[in-house]
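Just so it is clear, the values below take in all heavy atoms, side chains as well, and ignore hydrogens, waters and symmetry mates. As the structure is a computational prediction, the values presented were derived from the model and not from experiment. Just so you know, ligand 1 is whichever comes first in the structure, and atom 1 is the first atom listed for that ligand.
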Amino acid sequence: APAHPLWPEIERVTLEQLQYARLGVEGGVWQLFAEDGEMKMYKREEEVDGLAVDPLKAVHTVKGVTGREMTHYFFSPDVRFEWETTLEQMKVLETIADDTLVILQIHKRVWPASQRDALFWSHVRRVPNDTDRDAQDIWIACNHSTEHHEAPSNEGKMVRVALTVCLVCQTSIEPPADGGPVTRDHLTCKITYCSVVNPGGWVPTSALRAVYKREYPKFLKRFTQYVKDRCDKQPILF
Ligand SMILES: CC(C)(C)c1cc(CCc2ccccn2)cc(-c2ccc(S(=O)(=O)CCO)cc2)c1
């Protein structure tokens, strides 16, 4: 593992997020707040210092792509502006490895909130499937807020959100009955997207919850459709 000061935290948080995502939405603590076909979005209403920091968990099933492809496009900074509509600027501050970056994102101002930025490490990895041998490996992409000496201290100009986000994907293949080649028609990707975002600075709880309710379903629908379109007619990346 690369000898980088952030590496122990990256390792710990990524594996914690994997376990958290695999818990699913049991326990009756999760409230379904949006549904669209296969996509189901759940939240828990929690406040920290009077600020709504509602953990979110979304599950979705997408045909025709693999978990490696889904997490690759989520991780890749080069394509982020193609699906992340709330982004105004983005800078890769450090490339720790080809699967690990430190990113500064400046988001568009969303009324009534003031403009916000997010500074986080981003990591993607394949996790061998330890439970079901003949299943495909699991892929996880994880973003977690961090400090970084390269980040301009935007004193007073912008509010910094604190976030921990993961996208966990499990691919399954239904091989063709006639023993023919596996094509994208035989692929199903089961996605769990988890996010906890502390918006920092004060935002009216009702306004913030309205933003969550509006932005998150849009984001996951748009992102997964983007990946399907990108992968269509391309060789499958397992
Ligand atoms: C809505 C709220 C939860 C508070 C929120 C507010 C803002 C700040 C800008 C913003 C966006 C939308 C609405 C209000 N402010 C950003 C985010 C956010 C940032 C990053 C990621 S990601 O999954 O890492 C994909 C890479 O961008 C997801 C969510 C969330």
Which atoms of ligand 1 are found less than 4.0 Å from any heavy atom of Y193? 23 (O), 28 (C)

Min over D117, L208, T85, N143 of heavy-atom distance to atom 24 (O) of ligand 1 lands on N143

May I have the step-by-step check of ring-ring contact (aromatic ring centres under 6.0 Å, His included) for Y193 and F219, ending in yes or no? CA-CA 11 Å; Y193 172 81; F219 147 74; 5.0 Å; yes

I need the atoms of ligand 1 closer than 4.0 Å to a non-hydrogen atom of F74, numbered in the order shown. 23 (O)

Distance from atom 15 (N) of ligand 1 to nearest protein heavy atom, with residue and atom: V110 CG2, 3.8 Å

Taking atom 29 (C) of ligand 1 as the reference point, the nearest protein heavy atom with its distance: Y216 OH, 3.5 Å

How close does the nearest protein non-hydrogen atom get to atom 17 (C) of ligand 1, and which residue and atom is it? V197 CG1, 4.4 Å

Between the main-chain N or O of L237 and the side-chain N or O of E69, is there a donor-acceptor pair closer than 3.5 Å? yes

Any chance you could lay out the ring-ring contact (aromatic ring centres under 6.0 Å, His included) test for F74 and F223, step after step, and finish with the verdict? CA-CA 8 Å; F74 183 78; F223 168 67; 5.6 Å; yes

Going through the distances and angles, do T86 and H107 end up as a side chain to side chain donor-acceptor pair (under 3.5 Å)? CA-CA 5 Å; T86 69; H107 288 263; 2.9 Å; yes

Here the atoms of ligand 1 under 4.0 Å from any heavy atom belonging to V211 are 1 (C), 13 (C), 14 (C)

Cation-pi check for Y226 against K221: NZ or CZ below 6.0 Å from the six-membered ring centre and within 45 degrees of the axis, yes or no? no

Taking the cut-offs as 6.0 angstrom to the six-membered ring centre and 45 degrees off its axis, would you call R125 and W139 a cation-pi pair? no

For atom 20 (C) of ligand 1, what's the nearest protein heavy-atom neighbour? Residue, atom name and distance, please. L163 CD2, 3.7 Å

If you measure only the distance, is there a donor-acceptor pair under 3.5 Å linking the side chains of R184 and Q234? no

among protein heavy atoms, the one nearest atom 7 (C) of ligand 1 is V161 CG1, 4.2 Å

Return a yes/no value for E215: is any of its N or O atoms, backbone included, closer than 3.5 angstrom to an N or O of ligand 1? no

Are the side chain of K57 and the backbone of M41 linked by a donor-acceptor contact shorter than 3.5 Å? no

Examine Q105 against ligand 1 and note whether any of their N/O atoms are separated by less than 3.5 Å. yes

Within the 3.5 Å criterion, strictly below it, is a donor on E94 or H4 matched to an acceptor on the partner's side chain? yes

Could you tell me the residue and atom name of the protein heavy atom closest to atom 25 (C) of ligand 1, and the distance to it rounded to 0.1 Å? E84 OE2, 3.4 Å

Distance-only N or O hit between ligand 1 and H107, under 3.5 Å: no

